[in-house]
2 protein chains.
Amino acid sequence: MTTSQHSTREAGATPRPRPGGRSARVRASVHRAVGELLAQAPAESLTIPAVATRAGVHPTTVYRRWPTLAELLADVAASRFSGDIVVPDTGSLRGDLERWATDVAIDLADPDVLALMRAAVGAAGPDGGDACVADRHEQLTAMLERERARGGPDDGSDRGPGGDPATVPSTDEAADALLGPLYYRAVFTARPGEPGWARGLVGRLLAGRG
Amino acid sequence: MTTSQHSTREAGATPRPRPGGRSARVRASVHRAVGELLAQAPAESLTIPAVATRAGVHPTTVYRRWPTLAELLADVAASRFSGDIVVPDTGSLRGDLERWATDVAIDLADPDVLALMRAAVGAAGPDGGDACVADRHEQLTAMLERERARGGPDDGSDRGPGGDPATVPSTDEAADALLGPLYYRAVFTARPGEPGWARGLVGRLLAGRG
DNA sequence: CCGCTAACGCAGTGATTGTTGCGATCAGGG
DNA sequence: CCCTGATCGCAACAATCACTGCGTTAGCGG
C-alpha cells in the first residue's frame with residue numbers, strides 16, 4: 001500500500017534518536033546541575049525545576065527527557081559511576097585488588113559522591129543501586145577472571161566450606177568482602193573508609209589463599 | 001520577681017512535653033501511614049499531605065511535629081529498626097551471631113523494610129543511615145562484649161595483621177564482615193540474602209579463631 | 001472534679017510543581 | 001545546499017504543596 005515513501009522508514013513507529021551536539025550538551029548540563037545541587041542542598045529539595053534552572057535549560061525539556069526524578073537520578077548515577085575508576089594491572093591479584101579497593105575508598109570519601117549515591121538509592125530503589133555498583137561488579141569480575149586465566153589454580157567450583165587455599169574467590173565472595181564493607185560504611189555511617197582499612201579488607205579476603 | 005506563680009514553672013521557656021494518649025496515637029498512626037504508603041508507592045510520591053490523609057490526621061499536625069520529610073523518615077526508621085530484633089543467647093558466640101545474622105537477613109528480605117531504609121537513607125542522609133543501623137551496632141557490641149566477659153581470651157588490643165586465633169573480633173570487624181555484606185546486598189542489589197548465606201558470613205568472620 | 005495549656009483541627013493563602021499545545025531551532029541525511 | 005523531523009523554548013493552566021492565625025479538644029496535675 002503506497003510504499004512510495006522517500007526514506008527507508010517503515011511505519012514511523014520508532015523515532016530515530018538524535019544524540020547530536022545540542023542534545024548531548026543539554027544532557028551534560030543537566031547531569032552537572034544535579035551533581036552541583038545535590039552537593040550543596042539536601043536531597044529533599046532537589047526538584048526538576050530547580051535542576052532545569054541551574055542547568056540553564058527550560059523545565060519542560062527536563063520533564064520530557066526524564067519522566068521522573070528517579071529516572072534522572074539513576075541516569076546521572078550510571079553516568080557518574082561508569083568509567084571513573086580504571087582496572088589496575090599490577091601483576092598480582094592482591095596488588096590489583098588493593099589498588100582498586102583504595103581507589104574505590106577514595107572515591108567514596110567524596111561527600112558529593114555520597115550525596116548522589118544516597119539520592120539515587122532513595123529515589124530509584126534497586127535500579128538506582130544497580131546504577132551505582134554495576135560497573136564495580138564488572139571490574140571485580142574482570143580482575144578475578146584475569147587472575148584465573150593468568151595462573152589461577154582452579155575455578156573453585158567444588159570446595160568445602162572452609163575454603164581451599166590458593167583459590168581465586170568468586171565475584172560474589174569478593175563483593176561481600178570488599179564492596180559490602182566499603183559501601184556500607186559510606187552509606188550508613190558518617191565515617192569514610194581510610195585507604196589502609198580498604199587494603200585490610202583485601203588481606204582478609206585473601207587470607208590463607210595464594 | 002513575682003514568684004507567686006501557681007505551679008513550679010520557672011519562666012515558661014521550656015514547654016512540658018505531653019506524650020500522652022492522643023499524641024502517642026497520632027504518632028503511631030503517622031508512622032504506620034508512612035510504612036504503608038512507602039510499601040505501595042515509589043518514595044518520590046511520599047509527601048506530607050499524603051501521609052496525613054492516610055493517617056487520618058490533619059496535615060498541619062504532621063507539619064508541626066516533623067518539620068521536614070527527612071526528619072519524619074529518620075524518626076520512623078529509628079522507631080521501626082529498634083527493638084525489632086532481640087539479641088539471642090545460645091551459649092556460644094558463633095551460635096549467637098549465626099542466629100542474629102539470620103534474623104537480620106530475614107528482616108532485610110521484606111520489601112517494605114527495604115523501601116523504608118532506602119527512603120530514610122536517601123532523604124535524611126547520614127542521620128537516616130544511622131537511624132537504621134544504630135540498634136544493630138549496639139546488639140553486635142553486646143554479643144561480642146558478652147563473649148569477651150564469658151570466656152574471651154583477651155580483648156585483642158595488640159595482635160598482628162594476621163589475626164590471632166581464638167580472639168573475639170572487634171565491633172568494627174564484625175560490622176564489616178556481617179552488616180556490610182548484609183546491607184550492601186539489600187540496598188544495592190535486588191536479590192535478598194538467604195539465611196544460609198548469612199551463616200556463611202559468620203563462618204568467614206570466625207575462621208581460624210575459636 | 002477543675003483548671004491549665006500542649007496538641008490538634010479548620011480555613012484561607014501564596015508559592016511551586018507538573019502538564020499541555022504551539023511555534024522556533026538545530027542535527028542529520030540526501 | 002535544502003529538507004525532514006527530533007528536540008527545545010515559551011506561555012498558560014490546573015493541581016498540589018507548605019505555611020499561618022485562630023478556635024477547640026483533651027492530656028495531665030492539682
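Scope of the values below: all heavy atoms of this structure, side chains included, with no hydrogens, waters or symmetry mates. Lettering follows sequence order; numbering is per chain, from 1.
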Less than 4.0 angstrom between a side-chain N/O of B/T61 and OP1 or OP2 of C/dG9, yes or no? yes
In residues 99-107 of chain B, what donor-acceptor pairs under 3.5 Å come from side-chain atoms, sequence neighbours left out?
from   : atom 1 : to     : atom 2 : distance (Å)
B/W100 : NE1    : B/Q139 : OE1    : 2.9
B/T102 : OG1    : B/E98  : O      : 2.7
B/D107 : OD1    : B/R80  : NH2    : 3.4

Would you be so kind as to tabulate the donor-acceptor pairs closer than 3.5 Å made by side chains of residues 30-38 of chain A, with sequence neighbours excluded?
from  : atom 1 : to    : atom 2 : distance (Å)
A/H31 : NE2    : A/D75 : OD2    : 3.3
A/E36 : OE1    : A/R54 : NE     : 2.7
A/E36 : OE1    : A/R54 : NH2    : 2.9

Provide the full list of salt bridge (charged side-chain N to carboxylate O under 4.0 Å, His left out) pairs with a residue in residues 55-64 of chain B, sequence neighbours left out, each pair given once. none
What residues form a side chain to side chain contact (heavy atoms under 4.5 Å, CB included) with [X], not counting sequence neighbours?
X: A/S82; answer: A/D135
X: A/T53; answer: none
X: B/E71; answer: B/P67, B/T68
X: A/D130; answer: none

Across the strands shown, which category fits B/R25 at heavy-atom distances under 4.0 angstrom: base, sugar-phosphate, nothing?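 The answer is sugar-phosphate, as B/R25 gets under 4.0 Å only of primed atoms, P, OP1 or OP2.
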Is the distance from the ring center of B/Y184 to that of A/Y183 below 6.0 Å?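 Yes, the ring centres sit under 6.0 Å apart.
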How many Å lie between [atom1] on [X] and [atom2] on [N], as a whole number?
X: A/R27; N: C/dA27; atom1: CZ; atom2: P; answer: 16 Å
X: B/R65; N: C/dA7; atom1: CZ; atom2: P; answer: 8 Å
X: A/L72; N: C/dG18; atom1: CG; atom2: P; answer: 12 Å

Terminal axes of the helix from C/dC1-D/dG30 to C/dG30-D/dC1 (five pairs each): angle between them, nearest 10 degrees: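 Answer rounded to 10°: the end axes differ by 50°.
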I'd like to compare against my own output: the B/S/- annotation of nucleotides 16-24 of chain D with a strict under-4.0 Å heavy-atom distance to protein. -SBBBB---
